[in-house]
Amino acid sequence: MSGLIVRKTFAQIEEIRSVAGEGDEGGPLRKVAVCAVVRNPFAGQGYVADLSRIVEGSDEIGTYLGEEAVRLLGSAPESYGKGGLVGTSGEQEHINAAVTSTFGNALRKAIGGGEAWITSVTKSSGTDATIDVPLAFKDEIWVRSHYDAMTVHIPDAPHPDELVIIAVVANRGRINARVGGLTKAEAQARVTS
């Protein structure tokens, strides 16, 4: 897969059926995270100005993660987010290079499209890391019902010389969301008009 060397992939699924003892007419909230653990080609090299090798390699990984996330979700996603971890022999800019618009555009295409920018988070960490990947409605960032996150735990990664590239999707907004703002239906009407 791509110019980046993949050591392993990992997926995590969460399904929430009720909140505060109540469900709603939207059914369960299903969130899926799919991760690719890849070798960081710049680990241990100090400052490197040109990170295009990671940026270019992220295209194929974005496609794979998106397709796998949709398969595991079992339906078309309404929300998406991206994130990543860099091991201690790299720098945060390395994982940021892996989740630029090159990755994001491939992810968007793989999940069937999305008009909104993709929420994102990155950090440096050791193995057995945990990261909260933010989610938002895929077609309009201002749909508050879909502001959410998924806590992702990656066993045995990242090693010091690795990157963990993460895509997260969800099938709907939060259960019992009720803080107002632009609705999903209003956002969809904007996109189609």
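Starting from 1, each residue takes its place in the sequence as its number.
Within the 4.5 Å cutoff, the side chain of H159 has heavy atoms near those of the R7 side chain. Annotation: side chain of N40 is in contact with side chain of I54 (closest heavy-atom distance under 4.5 Å). By the 4.5 Å heavy-atom criterion applied to side chains, R174 and V19 are not counted as neighbours. You'll find the side chain of V38 stays beyond 4.5 Å of the side chain of I5, heavy atoms only. Inter-residue side-chain proximity for C35 and V152 is flagged as met; some heavy-atom pair is nearer than 4.5 Å. Side-chain contact between L85 and I154 is present, with heavy atoms from C-beta onward closer than 4.5 Å. I166 places a side-chain heavy atom less than 4.5 Å from the side chain of I131. In this structure, F103 and L65 have side chains that are in contact, with non-hydrogen atoms separated by less than 4.5 Å.
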Between S75 and N171, is the side-chain hydrogen bond (donor to acceptor under 3.5 Å, both in side chains) condition met? List the steps. CA-CA 7 Å; S75 64; N171 68 327; 5.0 Å; no
List the steps and the verdict of side-chain hydrogen bond (donor to acceptor under 3.5 Å, both in side chains) for N96 and T122. CA-CA 7 Å; N96 284 327; T122 63; 2.8 Å; yes
Test side chain to side chain contact (heavy atoms under 4.5 Å, CB included) on K8 and D156; report intermediate values, then the result. CA-CA 10 Å; K8 70 175 184 174; D156 186 38; 3.9 Å; yes
V32/Q12 under side chain to side chain contact (heavy atoms under 4.5 Å, CB included): CA gap, chis, key distance, verdict: CA-CA 6 Å; V32 173; Q12 179 178 315; over 6 Å; no
Pair E186, K184 - check salt bridge (charged side-chain N to carboxylate O under 4.0 Å, His left out), show working. CA-CA 5 Å; E186 290 168 339; K184 179 180 92 171; over 6 Å; no
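Between the D139 side chain and the E115 main chain, a donor and an acceptor come within less than 3.5 Å of each other. Put simply, the side chain of R144 never gets that close to the backbone of L182: no donor and acceptor are under 3.5 Å apart. Here the side chain of T119 pairs a donor or acceptor atom with the backbone of P134 at under 3.5 angstrom. In this structure a side-chain-to-backbone donor-acceptor pair under 3.5 Å is missing from R39 to E162. Checking side-chain atoms of D128 against main-chain N and O of P158 turns up no donor-acceptor pair under 3.5 Å. For the pair K82 (side chain) and V99 (backbone), a donor-acceptor distance under 3.5 Å is present. Checked by atom type and distance alone, the side chain of Y80 pairs as donor or acceptor with a backbone atom of A116 at under 3.5 Å. Proximity of a side-chain donor or acceptor of E60 to a complementary backbone N or O of E56 within less than 3.5 Å is not detected. Judged purely by atom type and a 3.5 angstrom limit, R53 has no side-chain atom pairing as donor or acceptor with the backbone of L4. R178 places a side-chain N or O within 3.5 Å of a backbone atom of N176 that can act as its donor or acceptor partner.
Grouping the Ile, Leu, Val, Met, Phe, Trp and Tyr side chains by contacts below 4.5 angstrom, directly or via other members, places L135 apart from I141. Connection of I118 to I61 is established within a shared hydrophobic cluster, with ILVMFWY side chains joined at heavy-atom distances below 4.5 Å, either directly or through further cluster members. Grouping the Ile, Leu, Val, Met, Phe, Trp and Tyr side chains by contacts below 4.5 angstrom, directly or via other members, places V164 with M150. By the rule that hydrophobic residues join a cluster once side-chain heavy atoms approach within less than 4.5 Å of another member, I95 and L107 end up as members of one cluster. Hydrophobic clustering of Ile, Leu, Val, Met, Phe, Trp and Tyr side chains at less than 4.5 Å, counting indirect connections, keeps V169 apart from V121.
Under 3.5 Å, the side chains of H146 and E78 contain a donor-acceptor pair of N or O atoms. In this model, no donor atom of one side chain and acceptor atom of the other lie less than 3.5 Å apart for D161 and S89. When only modelled atom types and interatomic distance are considered, T102 and D59 share no side-chain donor-acceptor pair under 3.5 Å. When only modelled atom types and interatomic distance are considered, Q92 and S124 share no side-chain donor-acceptor pair under 3.5 Å.
Contact between E140 and W142 at its shortest, heavy atoms only, is OE2-CD1, 2.8 Å. Shortest non-hydrogen contact noted between G173 and L29 is O-CD1, 3.9 Å. Of all heavy-atom pairs between A97 and S58, the closest is O-OG, 4.4 Å.
Using a 4.0 Å cut-off between a side-chain N of Lys or Arg and a carboxylate O of Asp or Glu, E14 and R30 do not qualify as a salt bridge. The residues D24 and R172 are annotated as salt-bridged, a charged nitrogen and a carboxylate oxygen being separated by less than 4.0 angstrom.
Using bins of under 30°, 30° to 60° and over 60° for the plane-to-plane angle, the ring pair F42/H94 lands in the tilted bin.
Once rounded to the nearest 0.5 Å, the distance linking CH2 of W117 with OG of S101 reads 13.5 Å. Between the CG atom of L73 and the CD atom of E15 there is a distance of 9.5 Å, given to the nearest 0.5 Å.
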